[in-house]
Amino acid sequence: AQSVTQLGSHVSVSEGALVLLRCNYSSSVPPYLFWYVQYPNQGLQLLLKYTSAATLVKGINGFEAEFKKSETSFHLTKPSAHMSDAAEYFCAVSLAGTYKYIFGTGTRLKVLA
Amino acid sequence: DAGVIQSPRHEVTEMGQEVTLRCKPISGHDYLFWYRQTMMRGLELLIYFNNNVPIDDSGMPEDRFSAKMPNASFSTLKIQPSEPRDSAVYFCASSLAGVDTEAFFGQGTRLTVV
């Protein structure tokens, strides 16, 4: 069965510091992977997605993620955190051949001034 | 397009009452999903439709839950009777065909059952 694991339910970084949010997936076939962001009292918004084209994927708001098959990882990074990045971030995988999106448990990012 | 529209945004109801949540997907989208978000269980897929037909309802927790999609522009999720443990944020999402396409989410309905 396909699944995603997000390490760290809460991450704190200083403004201007590197953001690294971890996501590992489990899949028997090449997966489609997504990162979503959820701001308070809002729905989820797509940050970026991996669909087997380029392994380094650039998204909105300066975020990017690298697909590493050997490590079964799809970590999300941003070189310099901004206060507005404070939100909850979800990694998701879509099951091959279906439209079922399986979400990780989320990582809440806090940005310290 | 205005995006996925859900109503109401907030619902407070008493245990045992019927609750109906509504969703208008993005025009032209082929797939519609209902998710439930709780602190304990995170985001759970309840059911999804393709061209108004339910494809997978394995995530629906109990027979008290039912979902319909009478046409391409409207879906409902009904809970009857409601229980306090149904309190959660319910999200509707829609997407185009293609397994690599993203789902677009509504702002959710926060349901509180007292």
Side-chain angles (χ1 to χ4, degrees), chain A residues 1-10 23 25 27-55 57 59-60 63 65 67 74 87-108, chain B residues 2-10 21 23-26 29-51 53-60 88-112:
Chain A
Q2 289 165 308
S3 64
V4 290
T5 302
Q6 291 185 243
L7 296 176
S9 58
H10 292 81
C23 173
Y25 68 90
S27 176
S28 57
V29 296
Y32 298 109
L33 295 160
F34 307 81
W35 274 101
Y36 282 84
V37 60
Q38 185 180 29
Y39 297 102
N41 300 313
Q42 298 290 318
L44 280 71
Q45 178 185 359
L46 181 73
L47 275 177
L48 51 81
K49 63 180 180 181
Y50 168 75
T51 59
S52 75
T55 56
V57 182
I60 61 171
F63 284 93
F67 174 72
F74 190 56
E88 189 155 19
Y89 293 79
F90 293 89
C91 183
V93 63
S94 70
L95 301 182
T98 77
Y99 292 80
K100 298 178 73 165
Y101 299 86
I102 306 300
F103 285 84
T105 51
T107 297
R108 189 171 297 277
Chain B
V4 177
I5 299 173
Q6 291 186 247
S7 63
R9 289 294 311 276
H10 302 272
L21 311 182
C23 175
K24 182 181 187 311
I26 293 173
H29 280 192
D30 307 278
Y31 287 83
L32 183 138
F33 308 85
W34 283 100
Y35 284 88
R36 177 172 67 176
Q37 185 179 37
T38 61
M39 289 292 291
M40 293 298 295
R41 302 174 69 91
L43 270 163
E44 303 173 276
L45 176 64
L46 301 177
I47 185 172
Y48 76 94
F49 296 82
N50 175 215
N51 293 328
V53 176
I55 303 300
D56 187 339
D57 65 354
S58 60
M60 297 285 262
V89 180
Y90 291 82
F91 287 102
C92 177
S94 69
S95 75
L96 293 166
V99 290
D100 61 341
T101 61
E102 67 266 30
F104 292 80
F105 283 75
Q107 292 193 301
T109 295
R110 183 174 296 276
L111 174 65
T112 304

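In this text, all values refer to a predicted model and were calculated from it rather than measured experimentally. Letters go in sequence order (proteins before strands), and every chain restarts at 1.
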Selection from F90(A), F103(A), Y101(A) maximising heavy-atom pairs under 4.5 Å formed with chain B = Y101(A)
ask   = Rounded to the nearest 0.5 Å, what separation is found between the CD atom of E88(A) and the CG atom of L43(B)?
value = 8.5 Å
ask   = Checking heavy atoms, do the side chain of R110(B), its backbone, both or neither come under 4.5 Å from chain A?
value = side chain
key: Pick from A103(B), G106(B), C92(B) with the largest number of heavy-atom pairs that fall under 4.5 Å of chain A   = A103(B)
remark   = Bottom line for Q45(A): the part with an atom under 4.5 Å from chain B's heavy atoms is neither
ask   = Nearest heavy-atom pair of E102(B) and F34(A): which atoms, and what distance?
value = CA-CE2, 4.0 Å
ask   = Roughly how far, to the nearest 0.5 Å, is CD1 of I102(A) from CD of E44(B)?
value = 10.5 Å
inquiry  = Can you tell me which of F33(B), Y31(B), Y35(B), F91(B) forms the most heavy-atom pairs within a distance under 4.5 Å of chain A?
reply    = Y31(B)
task = Evaluate whether atom CZ of R9(B) has more than 12 neighbouring non-hydrogen atoms of other residues, nucleotides or ligands under 6.0 angstrom away.
result = yes
request  = Below 4.5 Å from any heavy atom of chain A, which atoms of Q6(B) appear? Answer side chain, backbone, both or neither.
outcome  = neither
task = With a 4.5 angstrom heavy-atom cut-off, could you sort out which part of T38(B) is near chain A: side chain, backbone, both or neither?
result = neither
remark   = Rounded to the nearest 0.5 angstrom, the CZ-CG distance for F104(B) and L46(A) is 7.0 Å
remark   = So, the part of T101(B) with a heavy atom under 4.5 Å from chain A: the answer is both
key: Proximity breakdown for A97(B) and chain A, heavy-atom pairs closer than 4.5 Å   = both
ask   = Out of curiosity, T105(A) OG1 to M39(B) CE, how far, rounded to the nearest 0.5 Å?
value = 11.0 Å
Proximity breakdown for Y50(A) and chain B, heavy-atom pairs closer than 4.5 Å = neither
